[in-house]
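These notes are about the structure you will find just below.
Each ligand, and each atom within it, is numbered from 1 in the order the structure gives. We use all heavy atoms of the structure for the numbers below, so side chains are in, but hydrogens, waters and symmetry mates are not.
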Amino acid sequence: MKPASHVAEGWAREDLEALSAKGLRRVLEPLDSPQGAEVRVGEERLVNFSSNDYLGLAASPAVRAAAASALERYGVGTGASRLVVGDMVPHQRLEARLARFERAEAVRLFNSGYAANTGILPALVGPGDAVFSDALNHASLVDGCRLSRARVVVYPHADVAALTRALDQTPARRKLVVTDSVFSMDGDVAPLRELVAACEAHGAALMVDEAHATGVLGARGAGLCEALGVEARVDLRMGTLSKALGGLGAYVATSRAVADLLVSRARPFVYSTALPAALCAAAECAVDLVEHDPAPRERLWGHIHRFTDGLRALGLPAEPRSAIFPVILGEPSRALDAARCLREAGLLVKAIRPPTVPDGTSRLRFCLSAAHTTGHIDLALEALRRVGVSRGS
Ligand SMILES: *Cc1c(COP(=O)(O)O)cnc(C)c1O
């Protein structure tokens, strides 16, 4: 008798062949070092331009020490969801610390940004309601919309006029607008002031995903909402602990009532084991560093401006809006070839392909970090010049 595992194996082989034929098969490649400006992959030492560790905190000695000390005191696992017996003092401390950082009434932690987004949306809206979602929102928001079973209206990227028309024309019990603040694959920012105004005019709630803005934007590093002074006018501000904060997990800064509702309703909160205490302690330390030491953020912004100028000098479009710079090349094979050439020059820059980005917009995506030196930034620009990457060439 044929074991059942061979049935799925047949499906997988068929699908893998189709992906390979389109240049869309993805494979893993392990680092043998911490995150940082320079990483080890097998025998190669490469300058890393693909990490979201924007402030170099993933390997920070202070953050490691905070994690190690909590690891000693609380052990590794948390044994259960927070509602059962997994809730520990470090979770509560971190939520209180993040609420101060975000100047919010309350904060609720999640195990990842993906868990937060797929948990929050279904907790707030359902059948009879409508969610208005930017066309370039992160996949976790897309999935949160789907799981909510609310009507989903996708509006053209950053198009507030189109959103306003949709808000006018869509009958629904509750209306919720959701957007990335910094768009993860393009590095541009949402027109947040206009979105806030549109929501206020229509009695709609607004949820902003600050995954790539936390630690990077705003005078204290609290994100685009802080930078634009609209914190108090956004219902839900989601941030991750996994990018600039260097760890793992996510949170939403919101009202006490919403935070309380999420404890009962957000399925990834209710039905998943609590975050390890060591990660909570690491995040608490990282938030202290982000809020009280602006130097790494200033260094990062120095790099952002230097890279912008350098890309423009190469004839590539670039704006200093965030730490993310796409170099759009078109077909997957072009992005893969460019990534291979850069790798030969000692740079790790991953090619980003559909379905992560729309068809025809495969790209190199450079992420800058405070851990880089200006030498690293110049190395990337020089390699791009030698490789001859330019739009449409
Ligand atoms: C990375 C990312 C997430 C997911 O966060 P994780 O903590 O990695 O699960 C959510 N939203 C956006 C915009 C992201 O870029």
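- The aromatic rings of F307 and F366 sit tilted relative to each other, their planes meeting at an angle between 30° and 60°.
- Ligand 1 has no atom lying under 4.0 Å from any heavy atom of A250.
- Ion pairing of E284 with R100 is absent here, as no side-chain N (NZ or NE/NH1/NH2) approaches a carboxylate O to less than 4.0 Å.
- Each of the following atoms of ligand 1 lies closer than 4.0 Å to a heavy atom of S184: 15 (O).
- Applying the 4.0 Å criterion to heavy atoms of S140 picks out, from ligand 1, the atoms 10 (C), 11 (N).
- Protein heavy atom at the shortest distance from atom 5 (O) of ligand 1 is G113 CA, 3.2 Å.
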H212 vs Y54, side chain to side chain donor-acceptor pair (under 3.5 Å): CA-CA, chis, key distance, verdict: CA-CA 9 Å; H212 294 279; Y54 298 118; 2.6 Å; yes
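- Each of the following atoms of ligand 1 lies closer than 4.0 Å to a heavy atom of A211: 2 (C), 11 (N), 12 (C), 13 (C), 14 (C), 15 (O).
- You'll find the ring centres of Y155 and F132 outside the 6.0 Å limit.
- Below 30°, between 30° and 60°, or above 60°: for H372 and H376 the angle between ring planes is above 60°, a perpendicular geometry.
- With a 4.5 Å cut-off on side-chain heavy atoms, P30 and V41 do not count as touching.
- The side chain of N117, and not its backbone, has at least one atom closer than 4.0 Å to an atom of ligand 1 (non-hydrogen atoms only; side chain from C-beta on).
- E38 and N48 form no side-chain donor-acceptor contact under 3.5 Å, judged by distance and modelled atom types alone.
- For ligand 1, the atoms closer than 4.0 angstrom to any heavy atom of D180 are 13 (C).
- Shown here are the side chain to side chain donor-acceptor pair (under 3.5 Å) partners of D15, two or more places apart in sequence or in another chain: there are none.
- Aromatic ring centroids of F183 and H157 lie under 6.0 Å apart.
- Below 4.0 Å from some heavy atom of Y114 lie the following atoms of ligand 1, by number and element: 4 (C), 5 (O), 6 (P), 9 (O).
- When each atom of ligand 1 is checked for a heavy atom of D209 under 4.0 Å away, the hits are 10 (C), 11 (N), 12 (C), 13 (C).
- Scanning all protein heavy atoms for the shortest distance to atom 2 (C) of ligand 1 gives K243 NZ, 2.3 Å.
- Close N/O approach between S242 and ligand 1 is found [any backbone or side-chain N/O within under 3.5 Å].
- For ligand 1, the atoms closer than 4.0 angstrom to any heavy atom of H212 are 14 (C), 15 (O).
- The T240 neighbourhood of ligand 1 comprises atoms 5 (O), 7 (O), with distances under 4.0 Å to a heavy atom of that residue.
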